[in-house]
Amino acid sequence: MTKLWLNNQLLDQQQATISIEDRGFQFGDGIYEVIKVYEGVLFTAKEHIDRFYRCADDLRIVIPYTKDVMHKMLYELVEENLIDTGHIYMQITRGVAPRTHFFPNEGTEATFVAYTQTAGRPLVNLQEGVKTIFREDIRWLRCDIKSLNLLGAVLAKQDAHELGCYEAILHRGETITEGASSNVFGIKDGVLYTHPVNNLILNGITRIVLMACCEEMGIPVVEVPMTKEQALAMDELFLTSTTSEVTPIIQVDEQLIAEGTPGAWTRKLQQAFEQKITATISV
Ligand code: PLP
């Protein structure tokens with residue numbers, strides 16, 4: 001039986017139920033994380049857990065476990081479910097209370113859920129690259145919080161899906177922010193460009209690892225917003241996320257990038273990222 005955490009109970013997945021008055025269900029009043037598991041080892045667990053607590057704090061949601069306990073709970077789940085390669089999805093909401101927009105009474109406990117999924121690595125996309133589209137970024141102005149409210153991303157991603165594309169690259173006016181569920185990077189003349197960390201993007205954990213790779217490899221990084229035009233003029237484009245890793249972008253709308261094949265810099269960064277994974281699982 002596959003198990004999940006519902007608050008502090010490890011339950012069979014079929015047994016778990018959530019109230020219709022849960023604020024996550026009614027308001028999207030909560031946050032989430034996705035952590036990749038490689039060969040039974042959680043990749044960048046500390047960074048994901050730190051971000052989970054930081055986002056909860058920003059929304060004044062109290063997580064009733066220490067970070068250490070959370071870490072142990074996640075490992076227990078992975079071991080219990082015999083996950084080799086896959087991921088953990090976890091979320092916490094402001095809890096169950098009669099529906100009012102303002103926060104419920106003090107003492108209302110948050111609802112925590114974590115479950116696992118077996119999922120291989122996206123090997124075809126990593127090898128061949130993906131097609132993308134541009135879409136206006138209609139999300140709220142706290143994209144630095146990994147909120148359960150994902151409608152802006154859902155609508156953009158659906159457009160991409162209907163057009164046979166993997167991702168929507170979001171832009172506010174002419175300025176690119178990030179992907180609907182990824183961070184976006186460009187490379188021009190050996191320099192890496194990406195949006196700076198502020199309220200308009202989620203500072204991806206994969207982004208952080210990638211930037212560390214750049215530093216180790218001596219690749220200059222410029223954190224500056226790119227316009228759509230500048231992005232299309234890049235030598236290479238790629239995106240990063242926990243599940244997508246470092247995925248080459250070979251097309252945006254009708255325009256091919258790097259003649260429609262993954263570029264040499266992207267390949268080097270993929271290799272560097274691969275080494276980070278290897279280093280984690282061989283500890
Ligand atoms: N930006 C957005 C909007 C995302 O939803 C995600 C991941 O889901 C990312 C960036 C990448 O973040 P991470 O590398 O931590 O998965």
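The analysis underlying the following values was restricted to heavy atoms, covering all of them including side chains, and did not include hydrogens, waters or symmetry mates. Remember, it's 1-based here, ligands and their atoms both numbered in the order they're listed. The first residue of the sequence shown is numbered 1, and numbering continues consecutively from there.
Contact annotation for A180 and ligand 1: only backbone heavy atoms (N, CA, C, O) come within less than 4.0 Å of the ligand. Residue-level proximity to ligand 1 for E47 is absent, since no heavy atom of it falls below 4.0 angstrom. For C143, no heavy-atom contact with ligand 1 is shorter than 4.0 Å.
Hydrophobic clustering places L42 together with W5 (ILVMFWY residues linked when any side-chain heavy atoms are closer than 4.5 Å, directly or through intermediates). Under a hydrophobic-cluster definition in which Ile, Leu, Val, Met, Phe, Trp and Tyr are linked whenever side-chain heavy atoms come within less than 4.5 Å, directly or via other members, F273 and V41 are assigned to the same cluster.
We find that R207 and E223 are joined by a salt bridge, their nearest charged nitrogen and carboxylate oxygen being less than 4.0 Å apart. Here K72 does not pair with D68 in a salt bridge; the nearest charged N to carboxylate O distance is not below 4.0 Å. Using a 4.0 Å cut-off between charged side-chain N and carboxylate O, D159 and K157 make no salt bridge.
Between the side chains of Q158 and E162, a donor-acceptor pair is found at a separation under 3.5 Å.
At the shortest separation from atom 12 (O) of ligand 1 among protein heavy atoms lies G204 CA, 3.3 Å. Protein heavy atom in closest approach to atom 5 (O) of ligand 1: S181 CA, 3.4 Å.
Proximity of I250 to P262: side-chain heavy atoms (C-beta onward) are separated by under 4.5 Å at one or more points.
The option from L239, L202, T206 that lies nearest to atom 14 (O) of ligand 1, judged by heavy atoms, is T206. Of the listed options K157, K146, E178, E178 places a heavy atom closest to atom 1 (N) of ligand 1.
On a distance-only criterion, I205 and ligand 1 share at least one N/O pair closer than 3.5 Å. Taking only nitrogen or oxygen atoms, main chain and side chain alike, R51 reaches within less than 3.5 Å of ligand 1.
For residues 24-37, the side-chain hydrogen bond (donor to acceptor under 3.5 Å, both in side chains) pairs, not counting sequence neighbours, are R23-D29, D29-R94, Y32-K146, E33-H48, E33-R51.
M226 belongs to a hydrophobic cluster whose other members, connected by ILVMFWY side-chain contacts under 4.5 Å either directly or through intermediates, are V130, F134, Y166, I169, I176, V184, V191, Y193, V222, V224, L232, M234, L237, L239, I249, V252, I257.
Those atoms of ligand 1 with a heavy atom of R139 less than 4.0 angstrom away are 3 (C). Short contacts between ligand 1 and T242, defined as distances under 4.0 Å to a heavy atom of the residue, involve ligand atoms 13 (P), 14 (O), 15 (O), 16 (O). Using a 4.0 Å cut-off to heavy atoms of N183, the atoms of ligand 1 that qualify are 10 (C), 11 (C).
Put simply, no part of E33 is less than 4.0 Å from ligand 1, judged by heavy atoms.
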